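Have a look at the structure below before the remarks.
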2 protein chains.
Amino acid sequence: MDLSEGKHQFIQAWGTLGTSWGINKAMAQIHAVLLLAEKPLSTEDIMEALQISRGNANMNVRNLMDWGIVNKVLVPGERKEYFATGKDIWALARQVTVERKKREIEPILKVLGQMKNVEGEESEALEEFRQVTKDIEDFTIKVDNVLDKFYKSDKNWFLKLLMKM
Amino acid sequence: MDLSEGKHQFIQAWGTLGTSWGINKAMAQIHAVLLLAEKPLSTEDIMEALQISRGNANMNVRNLMDWGIVNKVLVPGERKEYFATGKDIWALARQVTVERKKREIEPILKVLGQMKNVEGEESEALEEFRQVTKDIEDFTIKVDNVLDKFYKSDKNWFLKLLMKM
DNA sequence: TTAAACTTTCAGTAAGTTTTGAAAGTTTAA
DNA sequence: TTAAACTTTCAAAACTTACTGAAAGTTTAA
């Protein structure tokens with residue numbers, strides 16, 4: 001397989017994988033294109049590379065910027081906007097962690113918090129309900145803490161932790 | 001809020017949350033119903049509790065069984081099949097980990113493995129491609145290892161690890 | 001100013017996913 | 001056996017999410 005075919009395959013695959021990560025295909029593919037690009041790309045470059053519409057390209061680039069994964073790059077003397085993504089995978093992972101925490105963890109905690117308002121005659125059924133919801137909450141808080149630590153950590157900390165494990 | 005309203009809200013919420021976890025709504029809701037039930041439920045019980053069709057109930061119960069989260073329970077003297085889920089959240093988390101690893105991590109490693117077949121004249125571009133794909137692979141393998149450890153671990157191990165962090 | 005170059009929005013359409021329910025299949029017990 | 005009780009399958013319908021492309025908006029520089 002030659003380089004351009006490899007890149008092509010990687011971009012396709014990254015798009016598919018993205019969907020199982022809760023990231024839409026175009027968003028993941030744009031990220032892949034930028035990751036493999038040798039210089040910042042314009043919206044048009046992206047449209048062409050992936051054969052997608054202007055609206056789609058624009059919206060997903062913006063999403064990637066909201067996630068803090070892609071940056072605008074201004075090329076001196078050029079009017080057009082260019083985009084690039086960092087090639088540091090650790091930084092990427094940390095940013096993705098924040099977003100997934102926001103989407104997957106925080107809403108659980110919110111719902112479980114509300115379950116504390118359940119009241120009524122004390123009974124075994126009520127007791128069990130409280131136990132189950134509390135167990136889930138305790139666990140979720142722990143996961144939340146781990147992800148927070150990961151986010152705040154640097155690569156070395158993580159590697160050291162792995163050693164300890 | 002009284003108990004039955006609390007349960008109802010929890011079941012609804014668990015369904016919605018499920019979708020942001022890559023689990024479909026009915027599957028997550030069935031899990032919630034079983035989690036809060038005081039005894040094993042039949043397909044009909046589930047259909048009624050969630051107002052869903054037989055096909056939907058059947059398919060998603062089967063999915064939950066494939067994930068190892070729900071078990072068939074045979075009630076002596078009864079022809080019908082009943083289903084139950086464990087109330088141990090740690091066990092649940094570990095089983096979910098296996099499935100998510102299968103869906104989210106393993107396919108990445110497979111794609112990255114294929115990227116090793118990229119060949120051609122040595123150039124800076126090729127070098128960079130190799131670097132990026134290798135970085136992602138290294139990181140992914142580390143995450144994979146952590147998840148494996150978690151899966152194989154018990155609750156205490158995890159709690160101790162949290163202390164160290 | 002103004003008009004050219006560029007970016008963003010959004011209503012309509014397309015694609016993908018989930019759900020339904022009736023039909024087919026299976027098991028059990030009489 | 002066979003028929004009743006139950007489970008599974010699957011094509012079509014409903015729902016959800018993503019994408020398009022033209023129109024509206026914004027910025028820049030002459």
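Letters A, B, ... are given to chains in the order of the sequence lines, protein chains preceding strands, and every chain is numbered from 1. Below, each value reflects all heavy atoms present in this structure, side chains not excepted, and no hydrogens, waters or symmetry copies. Please read all numbers here as calculations on a predicted model, not as lab measurements.
Shown here are the ring pair (Phe, Tyr, Trp, His ring centres under 6.0 Å) partners of B/Phe139, two or more places apart in sequence or in another chain: A/Trp90. Residues passing the side chain to side chain contact (heavy atoms under 4.5 Å, CB included) test with A/Glu119: none are found, sequence neighbours excluded. For B/Phe10, the ring pair (Phe, Tyr, Trp, His ring centres under 6.0 Å) test picks out B/Trp14, with sequence neighbours left out. Taking the side chain to side chain contact (heavy atoms under 4.5 Å, CB included) definition, one finds that A/Asp135 meets it with A/Gln131, B/Ile89, sequence neighbours left out. Residues satisfying the ring pair (Phe, Tyr, Trp, His ring centres under 6.0 Å) test with B/Phe150, not counting sequence neighbours, are B/Phe158. B/Met59 meets the side chain to side chain contact (heavy atoms under 4.5 Å, CB included) test with B/Arg62, B/Asn63; sequence neighbours excluded.
Cluster partners of B/Tyr82, by chain and number: B/Val73, B/Val75. The rule joins Ile, Leu, Val, Met, Phe, Trp and Tyr whenever side-chain heavy atoms lie under 4.5 Å apart.
Side chain of B/Gln95 to main chain of B/Gly68: a donor-acceptor pair is present (N/O by atom type, distance under 3.5 Å, no hydrogens or angles).
Of the residues near DNA chain C, A/Glu78 and B/Ile52, the one whose nearest nucleotide (by heavy atom distance) lies more toward the 5' end is A/Glu78.
Note: NZ (A/Lys25) to C1' (D/dT17) measures 13 Å, nearest angstrom. Atom CD1 in B/Ile23 sits about 16 Å away from atom P in C/dT17, given to the nearest Å. At whole-Å resolution of the value, CG in B/Asn24 and C1' in C/dT20 are 14 Å apart. For B/Asn63 and C/dT19, the CG to P distance is 11 Å, given to the nearest whole Å. Per the geometry, CG belonging to B/Leu50 stands 10 Å off P belonging to C/dT19, to the nearest Å. Here the P atom of nucleotide C/dC6 and the CD1 atom of A/Ile46 are 15 Å apart, to the nearest Å.
Here the CZ-CG distance, from B/Arg54 to B/Asn58, works out to 9.0 Å after rounding to the nearest 0.5 Å.
A 6.0 Å sphere centred on CD of B/Glu48 holds no more than 12 heavy atoms belonging to other residues, nucleotides or ligands. When the shell of 6.0 Å around CD of B/Glu124 is examined, it contains 12 or fewer heavy atoms from other residues, nucleotides or ligands.
Within a heavy-atom distance below 4.0 Å of DNA chain D, no residue of residues 32-42 of chain A is found.
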Listing time: all N or O pairs from protein to nucleotides 11-13 of chain D that are below 3.5 Å?
none

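Each of B/Lys102, B/Lys101, B/Lys142 was checked for a salt bridge (Lys or Arg N to Asp or Glu O under 4.0 Å) with B/Asp148, and the lone residue meeting it is B/Lys101.
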Report summary line: Reading nucleotides 7-12 of chain C from 5' to 3' and marking B where a protein heavy atom lies under 4.0 Å of the base, S where only the sugar-phosphate is that close, and - otherwise, the string is BBB---
Query raised in the report: Starting at the 5' end of DNA chain D, what dot-bracket string do you get if Watson-Crick and G-U pairs under 3.5 Å are bracketed, crossing pairs use [ ], other-strand pairs use | and unpaired bases use dots?
Result: ||||||||||||||||||||||||||||||
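Pairs of residues two or more places apart, or lying in two chains, that qualify as salt bridge (charged side-chain N to carboxylate O under 4.0 Å, His left out) and include a residue from residues 19-43 of chain A are A/Lys7-A/Glu38.
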